[in-house]
Amino acid sequence: MVKLIIHAIILLSLSACVSKPRDVDVLIVNGQVFTGLDRAAEQMDIAVCGSQICAVSPAGGTAYNAELLVDAQGLVVSPGFIDPHTHTMAELTSDDKHTNLNYLYQGVTTVVSGNDGGGPADINKALAQLNSAGIGTNLALYAGHGSIRQTIMGKAQRQASPAELKQMKALLEEAMQSGALGLSSGLYYVPGRFANTEEVIELAQVAAQYGGIYDTHIRDESSFNIGFLAAIDEAIEIADKAGIHLHLAHIKALGVDVWGQSKDAIDNIAKAQERGVSISADQYPWLASGTNIRSAIVPKWAMADSEEAFMARLDNPELTERLNAQIADNIRRRGGADKLLITASEEPSLEGQTLQQLANKWRLSAVEATLMMVRMGRHRVASYNMNPEDVERFMQQPWVVTSSDGTNGHPRKYASFPKKYRQYVRDKSLISLQRFIYASSGQTAKILGLEDRGQLKPGMAADILIFDPDAFSDRADFSQWNRLSEGVEYLWVNGQLAIDKGKYTGTLAGQFVSPAKER
């Protein structure tokens, strides 16, 4: 009899425990849930408590008492997207752009900045400049080889001395201790262009000691100097000798000279991976790249030392023939003057016109028009220089994730993630929805070492995206590059609702995020 009474008490207690709802702040139900791993959607309930995900359970299997219940019927639920290559630091330190709306409306909750060697030499100083009112997205930073080099030796066109290299290493070590993801380089750009391979290896070794990664805009994506495949090989050599993970920024075969070389590049990367080199890459889904006109078509030797030295070289008659010939060849590599579109300029009247149109208007050659523009100020150009087959071949590689490389004047800043989804998942079925989400969230977090982002599971930061699979789409194009994307229904950043039923709430919940100490 006593045993029966005890048994009944236990059953009543268990029944009470099962039926008592768990108190949570947010409960998301009925959605098509992708958890951020490379696997199919599941029917799951997602619960948020404060800034973290506190429960993920089979649909309807657990009772909750939620302050906010979100019915995601017909919608896709995923981790907030992570963009590993942006140029957002200027916005996030400004008074009017720190909301980062262009990324929130793409479903991006974490942006990485400091790429292409431009990351701050002093991470702590950079963080102190962030807008005191808050930021809309999370932010992670690279330490930039170019910035560090310029801090120590300006734009000198020479190798670093042992003393200078020691100073650069010290700056990088401080940056890594302050939470940098790793070392970024822009070996195509000044001053990174003037560094030899050994210099970068030695710096990458410092980042490796802290578990960092090496992110690189390779020395040549075309045939500007050493060639595309040789530049890939150089990046692999740096990673191999430094013992560091290699991440290839915005991987592409730029210009007709190297179209089709994506096959050889992929083969070379696969061989390196087979022998133990850890390699990944990111890619934006556009056929046109974007940069400033100087970097696009003016030879790097002309830009060495200082702005005054640069302008003096432009006016030096002894250099005219060499300079003009190289500018002409660079215009050819990028598809011709009619394929170079001015997208943002200090002279707004130039925007929306091609280099060829401006040359015709001014009755100049394309080379002469280029030199005139360089003297006038700063201008960003989009050049239509990629082959669709190369873009699609890279996109299908399991080690390639999604990015924007967002810059003013190019729609990639406002529309890369939804464009990739709309064009390559929904319209062309080139990649699956499962693959798209993994390559935009969990896989990227793993590469960067952001252990508390990129997945929907208990204990992770509550960066959560809910989008309409029929409406998620890009609206920006080259005629209007800054139109917000559409289709994001809900978006949480660190547990705070940033987009509610498609409308921005005004929340500024972003944080500086850094990788785990042990990776």
Side-chain angles (χ1 to χ4, degrees), residues 36-38 79 81-86 108 110-117 119 140-142 145 180-187 200 204 207-208 210-219 221 228-229 231-253 262 264-285 390-405 416-417 420 431 434-451 453-455 513 515-516 519:
L37 299 175
D38 192 9
F81 294 155
I82 300 171
D83 191 332
H85 193 122
T86 75
V108 173
T110 299
V111 298
V112 175
S113 197
N115 308 79
D116 297 341
L141 285 171
Y142 282 108
H145 167 246
L181 295 170
L183 174 70
S184 79
S185 74
L187 302 185
V200 186
Y210 289 86
I213 69 175
Y214 173 57
D215 173 275
T216 182
H217 182 308
I218 58 176
R219 199 177 293 273
E221 295 174 327
F228 176 48
L229 296 178
I232 293 281
D233 290 343
E234 181 190 32
I236 291 170
E237 179 188 358
I238 290 167
D240 193 12
K241 291 183 176 178
I244 196 169
H245 176 83
L246 168 63
H247 187 76
L248 298 163
H250 45 55
I251 193 165
K252 67 176 78 73
S262 57
D264 291 332
I266 290 166
D267 287 345
N268 291 353
I269 290 166
K271 289 173 183 175
Q273 289 170 327
E274 287 170 4
R275 66 174 190 266
V277 184
S278 181
I279 305 173
S280 58
D282 63 72
Q283 178 198 43
Y284 53 81
D390 288 322
V391 171
E392 293 183 6
R393 190 174 291 121
F394 281 130
M395 189 178 292
Q396 294 177 87
Q397 301 310 306
W399 39 268
V400 174
V401 298
T402 316
S403 70
S404 68
D405 190 18
S416 287
F417 287 78
K420 182 175 179 179
I431 57 174
Q434 171 183 327
R435 171 66 193 151
F436 166 71
I437 290 176
Y438 179 56
S440 303
S441 58
Q443 186 176 14
T444 309
K446 184 178 180 181
I447 290 168
L448 300 174
L450 301 178
E451 292 188 350
R453 313 275 160 177
Q455 289 187 48
V513 296
R519 285 193 278 177

Test side-chain contact (heavy atoms from CB on, under 4.5 Å) applied to [X] - qualifying residues, sequence neighbours left out:
X	value
E234	L187, T197, R219, I226, I238
T86	D83, T88, Y103, V111, S113, S404
S262	D390, R393, F394

Do you know the tightest heavy-atom contact between [X] and [Y]?
X	Y	result
G36	P79	CA-CG, 3.6 Å
P515	L448	CB-O, 3.6 Å
A235	T216	CB-CG2, 4.1 Å

Show me the side-chain donor-acceptor pairs of residues 271-278 shorter than 3.5 Å, one per line, residues at least two apart or across chains.
{"unit_1": "Q273", "atom_1": "NE2", "unit_2": "I279", "atom_2": "O", "d": "3.2"}
{"unit_1": "S278", "atom_1": "OG", "unit_2": "H245", "atom_2": "ND1", "d": "2.5"}

To the nearest 0.5 Å, how far apart are NE2 in H250 and CG in D215? 8.0 Å

Y214 OH to L181 CG distance, which is reported to the nearest 0.5 Å: 15.0 Å

Residues forming a salt bridge (Lys or Arg N to Asp or Glu O under 4.0 Å) with K420, sequence neighbours excluded: none

Taking only residues two or more places apart in sequence, or in another chain, which ones meet D405 in a salt bridge (Lys or Arg N to Asp or Glu O under 4.0 Å)? R412

Can you confirm whether H217 sits close enough to N115 that some side-chain heavy atom of one is under 4.5 Å from a side-chain heavy atom of the other? no

